[in-house]
*Asks:* 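I'd like to ask you about the structure that follows.
As the structure is a computational prediction, the values presented were derived from the model and not from experiment.
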Amino acid sequence: MKKTTVLSIIIGIIILMLIVLILPKYEEMLDFFNVKWILIYSILLSVLYFLFGILIETKRVIKVFSKKIRINWLQFSFVVILILLVFVPTQYWLILFPHNFLISFISRLEIQVILNVLAGILFVRSFDKEI
């Protein structure tokens, strides 16, 4: 196996282990409604899921750093909007828009995980004109 493959597998396992350690604490804080720790754990989990999405595109990350970077601005702007949407904790969206179907759909933890990983993948892909 290549060094990059082994390194990306090790980093992926570390990220998944951190998620497994943090997720029960996050759910516990949701039960106790400790707003400060909910915010901290929510952002931390979002960052870890985002990094996992970037890790999926390891070959493109290496390609981006080895070549001149060309940005697909349309895709990059979509990624920024998606990142803003998923990095803000669900509780804040529900306070702002209490009866919105889209927000109630996005507020599910599984959907947030998928969107965070997708944001990481699209973030890396936006640095190359090839799609």
Side-chain angles (χ1 to χ4, degrees):
M1 265 198 261
K2 293 183 180 180
K3 290 180 184 179
T4 57
T5 306
V6 173
L7 185 63
S8 63
I9 289 172
I10 291 171
I11 292 172
I13 290 172
I14 291 171
I15 289 173
L16 290 176
M17 286 175 52
L18 287 172
I19 290 170
V20 167
L21 290 173
I22 294 171
L23 198 55
K25 297 286 186 184
Y26 173 70
E27 291 172 350
E28 181 181 328
M29 292 302 130
L30 282 175
D31 290 339
F32 292 127
F33 201 67
N34 189 339
V35 178
K36 179 178 122 180
W37 285 104
I38 289 173
L39 179 65
I40 291 170
Y41 286 140
S42 176
I43 292 174
L44 187 59
L45 284 170
S46 293
V47 168
L48 288 172
Y49 293 135
F50 183 76
L51 289 175
F52 191 77
I54 289 175
L55 189 66
I56 290 173
E57 292 289 329
T58 304
K59 289 182 181 179
R60 281 193 193 240
V61 170
I62 294 170
K63 187 174 144 183
V64 163
F65 284 117
S66 65
K67 290 185 175 182
K68 185 179 177 183
I69 297 174
R70 294 184 324 212
I71 298 175
N72 183 344
W73 288 105
L74 180 65
Q75 190 172 9
F76 186 75
S77 61
F78 174 73
V79 169
V80 169
I81 292 169
L82 185 61
I83 288 172
L84 290 174
L85 183 68
V86 294
F87 269 57
V88 174
T90 308
Q91 292 75 16
Y92 294 108
W93 287 117
L94 290 175
I95 289 170
L96 290 173
F97 307 104
H99 300 294
N100 191 337
F101 172 75
L102 180 65
I103 299 302
S104 63
F105 178 71
I106 292 175
S107 67
R108 300 200 35 98
L109 184 62
E110 298 86 3
I111 301 297
Q112 283 193 336
V113 170
I114 291 168
L115 290 176
N116 273 308
V117 172
L118 180 67
I121 292 170
L122 291 177
F123 179 74
V124 172
R125 288 185 180 184
S126 69
F127 287 108
D128 194 8
K129 289 280 186 181
E130 300 172 20
I131 296 178

*Asks:* If I take atom CG from residue L115 and atom CZ from residue R108, how far apart are they, to the nearest 0.5 angstrom?
*Replies:*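 So the gap between those two atoms works out to 13.0 Å.
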
*Asks:* If two hydrophobic side chains count as joined below 4.5 Å and joins carry through other members, does V6 share a cluster with M17?
*Replies:*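 Yes; tracing contacts between hydrophobic side chains, which count when under 4.5 Å, links both residues.
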
*Asks:* How long is the straight-line distance from CD1 of I114 back to CD1 of I111, given to the nearest 0.5 Å?
*Replies:*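 Reported value, rounded in 0.5 Å steps: 5.0 Å.
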
*Asks:* Using side chain to side chain contact (heavy atoms under 4.5 Å, CB included), reason through F50 and F123 one step at a time and then give a plain yes or no.
*Replies:* CA-CA 9 Å; F50 183 76; F123 179 74; 3.8 Å; yes

*Asks:* Using the rule that Ile, Leu, Val, Met, Phe, Trp and Tyr join whenever any side-chain heavy atoms are under 4.5 Å apart, tell me whether L21 and I11 fall into a single cluster.
*Replies:*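 The answer is no; the residues belong to distinct hydrophobic clusters.
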
*Asks:* Hey, can you pull the donor-acceptor pairs under 3.5 Å for the side chains in residues 76-86, sequence neighbours left out?
*Replies:*
unit_1: S77; atom_1: OG; unit_2: W73; atom_2: O; d: 3.1
unit_1: S77; atom_1: OG; unit_2: L74; atom_2: O; d: 2.7

*Asks:* Is I56 reachable from I13 through a run of I, L, V, M, F, W or Y residues, each pair having side-chain heavy atoms under 4.5 Å apart?
*Replies:*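 I13 clusters together with I56.
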
*Asks:* First locate atom CD1 of I22, then atom CG of L48, and finally report the distance between them rounded to the nearest 0.5 Å.
*Replies:*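 It comes to 5.0 Å.
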
*Asks:* Sequence neighbours left out, what passes ring pair (Phe, Tyr, Trp, His ring centres under 6.0 Å) with F52? Give chain and number order.
*Replies:*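 So F52 forms no ring pair (Phe, Tyr, Trp, His ring centres under 6.0 Å) with any residue.
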
*Asks:* Look up atom NZ in K59 and atom CD1 in I62, then write down how far apart they are to the nearest 0.5 Å.
*Replies:*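 If I round to the nearest 0.5 Å, the distance is 9.0 Å.
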
*Asks:* Starting from I9, can I reach I14 by hopping between I/L/V/M/F/W/Y residues whose side chains sit under 4.5 Å apart?
*Replies:*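 Same cluster.
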
*Asks:* To check you understand the geometry: which heavy-atom pair defines the closest contact between S8 and L55, and what is its length?
*Replies:*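 It is O-CD2, 3.3 Å.
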
*Asks:* Show your working on side chain to side chain contact (heavy atoms under 4.5 Å, CB included) between I40 and Y26 and close with a plain yes or no.
*Replies:* CA-CA 9 Å; I40 291 170; Y26 173 70; over 6 Å; no

*Asks:* To the nearest 0.5 angstrom, please state how far the CZ atom of R125 sits from the CG atom of L118.
*Replies:*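 Spacing of CZ (R125) from CG (L118) equals 9.0 Å.
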
*Asks:* Treat each ILVMFWY residue as a node, draw an edge where side-chain heavy atoms are under 4.5 Å apart, and state whether V35 and L96 are in one component.
*Replies:*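 Result: yes, single cluster for both.
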
*Asks:* Testing the basics here: between Y49 and L23, what is the closest heavy-atom pair and its distance to 0.1 Å?
*Replies:*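 Answer, listing the atom of Y49 first, then L23: OH-CD1, 4.3 Å.
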
*Asks:* Nearest 0.5 Å, please: how far is CZ in R60 from CD1 in I121?
*Replies:*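 Here the rounded value is 10.5 Å.
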
*Asks:* Listed by chain and number, what are the side chain to side chain donor-acceptor pair (under 3.5 Å) partners of Q112, not counting sequence neighbours?
*Replies:*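 If we apply the side chain to side chain donor-acceptor pair (under 3.5 Å) test to Q112, skipping adjacent residues, the hits are T90.
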
